[in-house]
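Both ligands and their constituent atoms are indexed starting at 1 by order of listing.
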Amino acid sequence: MKYLVITGGVVSGLGKGVTASSLGVMMRCAGFRVTSIKIDPYLNVDAGTMSPFEHGEVFTLDDGGEVDLDLGNYERFNDITLSRDNNITTGKIYQQCLERERRGDYLGKTVQVVPHVTDAIMDWIQRVAHVPADGLSGPPDICIIELGGTVGDIESMPYVEALRQFQFRVGRDNIAFFHVSLVPVLGAVGEEKTKPTQHSVQQLRSVGLSPDFLVCRSTKPLSSSTKEKLANFTHVPAENCLGVHDVSNIYRVPLLLQHQGATQNLLARLALVARPNHKLLS
Ligand code: ADP
């Protein structure tokens with residue numbers, strides 16, 4: 001089992017969900033079966049009680065689970081059917097930990113965020129990752145995990161720590177980290193600014209996660225000199241600094257990534273070889 005983790009920086013709403021869905025398309029085209037997990041660090045148990053004015057429409061899954069609308073994108077892009085367990089919320093994790101505590105499962109221990117909550121997060125991810133979502137039997141090959149919000153939020157810290165530990169649990173060859181960030185263009189000078197992304201990567205590194213790929217949202221295609229600059233300051237190779245500019249149709253994003261060599265670089269990073277029956281995106 002291989003894991004792709006998508007985190008976000010600078011501001012929310014940059015396209016983590018679209019990136020997660022697009023990576024699924026790319027991996028399916030390389031012949032792999034995928035599933036997805038969305039982590040929402042809020043304390044609500046699910047999105048069912050949240051105002052759509054505040055958080056967007058609720059997406060209802062086949063099993064009745066009321067979840068974030070990113071799960072709808074995952075299902076549409078990747079032709080999969082997810083269950084309520086594919087959406088992790090802090091409410092669900094704490095509910096599980098508190099039920100265990102009341103049953104006495106922790107055998108008198110002090111129940112703490114590290115290790116009890118972080119272990120519950122890692123166990124949940126591993127359990128759900130092995131459940132097929134494409135109607136076939138046997139576990140999928142790749143699980144794509146999107147961490148909602150932006151790195152640095154208080155709410156997401158237990159997840160960042162769990163993911164930091166998770167990379168050692170599964171081995172570095174089996175997990176790749178994508179960080180979605182913003183490269184603004186300042187009107188007066190018309191220059192692509194890398195500083196917000198530099199700071200965001202520094203913040204990510206300070207909590208123990210090193211991105212393998214940067215996905216940079218911008219208004220126009222990223223120049224190669226900007227990619228070089230990002231590589232210099234973030235230690236992410238220039239070929240893994242991917243530009244995703246504003247497009248009229250989000251279904252073009254997998255092609256945008258593919259045309260920058262992301263599929264081949266990701267397969268190499270995960271020590272995978274495209275399956276013989278693969279249909280490469282074109
Ligand atoms: P996040 O998961 O980071 O909050 P989403 O993936 O939900 O972000 O995307 C936020 C909004 O931006 C959605 O309406 C999505 O359709 C739009 N969007 C994402 N990427 C692009 C893009 N490259 N071009 C145009 N719109 C985009």
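Cluster membership check: Tyr74 shares its hydrophobic cluster with Val67, using side-chain heavy-atom separations under 4.5 Å among Ile, Leu, Val, Met, Phe, Trp and Tyr.
Taking atom 15 (C) of ligand 1 as the reference point, the nearest protein heavy-atom neighbour is Val18 CG2, 4.0 Å. Closest protein heavy atom to atom 23 (N) of ligand 1: His245 O, 3.1 Å. Looking only at heavy atoms of the protein, atom 2 (O) of ligand 1 is closest to Gly17 N, 2.9 Å. Of the protein's non-hydrogen atoms, Arg217 NH1, 3.2 Å is the one closest to atom 20 (N) of ligand 1. Distance from atom 25 (C) of ligand 1 to its nearest protein heavy atom, with residue and atom name: Val247 O, 3.3 Å. Regarding atom 1 (P) of ligand 1, its nearest protein heavy-atom neighbour is Lys16 N, 3.5 Å. When only non-hydrogen protein atoms are considered, atom 7 (O) of ligand 1 lies nearest to Asp70 OD1, 3.5 Å.
The nearest non-hydrogen atom to atom 4 (O) of ligand 1, considering only Gly13, Ser218, Ser12, comes from Gly13.
Under a 4.0 angstrom heavy-atom cut-off, Arg252 registers as lying outside contact with ligand 1.
Note on ring orientation: taking the six-membered ring where Trp is involved, the planes of Tyr106 and His116 are perpendicular (angle over 60°, cut-offs 30° and 60°).
Using a cutoff of 4.0 Å between basic side-chain nitrogens and carboxylate oxygens, Asp85 and Arg127 are scored as salt-bridged. A salt bridge between Arg217 and Asp246 is present, with a side-chain N of the basic residue lying under 4.0 Å from a carboxylate O of the acidic one. Note on Glu161 versus Arg164: salt bridge recorded, some NZ/NE/NH1/NH2 to OD/OE distance being below 4.0 Å. Remark: Asp40 does not engage Lys92 in a salt bridge, criterion side-chain N to carboxylate O under 4.0 Å.
In the vicinity of Asp246, heavy-atom distances shorter than 4.0 Å reach the ligand 1 atoms 24 (N). Within the listing of ligand 1, atoms 23 (N) sit less than 4.0 angstrom from a heavy atom of Val244. Close approach of ligand 1 to Glu146 (heavy-atom distance below 4.0 Å) involves ligand atoms 2 (O).
Counting protein heavy atoms under 4.0 angstrom from atom 13 (C) of ligand 1 gives zero.
Summarising the geometry, atom CG belonging to Leu209 is positioned 9.0 Å from atom CG belonging to Leu147; distances are rounded to the nearest 0.5 Å. One distance of note links NZ of Lys227 with CG of Leu214; it measures 11.0 Å at 0.5 Å rounding.
Evaluated for a side chain to side chain contact (heavy atoms under 4.5 Å, CB included) with Ile6, the options Phe213, Phe177, Phe178 yield exactly one hit, Phe178.
With a 4.0 Å heavy-atom cut-off, ligand 1 is reached by the side chain of Ile250 but not by its N, CA, C or O.
A donor-acceptor contact shorter than 3.5 Å links the side chain of Glu75 to the backbone of Leu82.
At under 3.5 Å, a nitrogen or oxygen of Gly15, whether backbone or side chain, sits near a nitrogen or oxygen of ligand 1.
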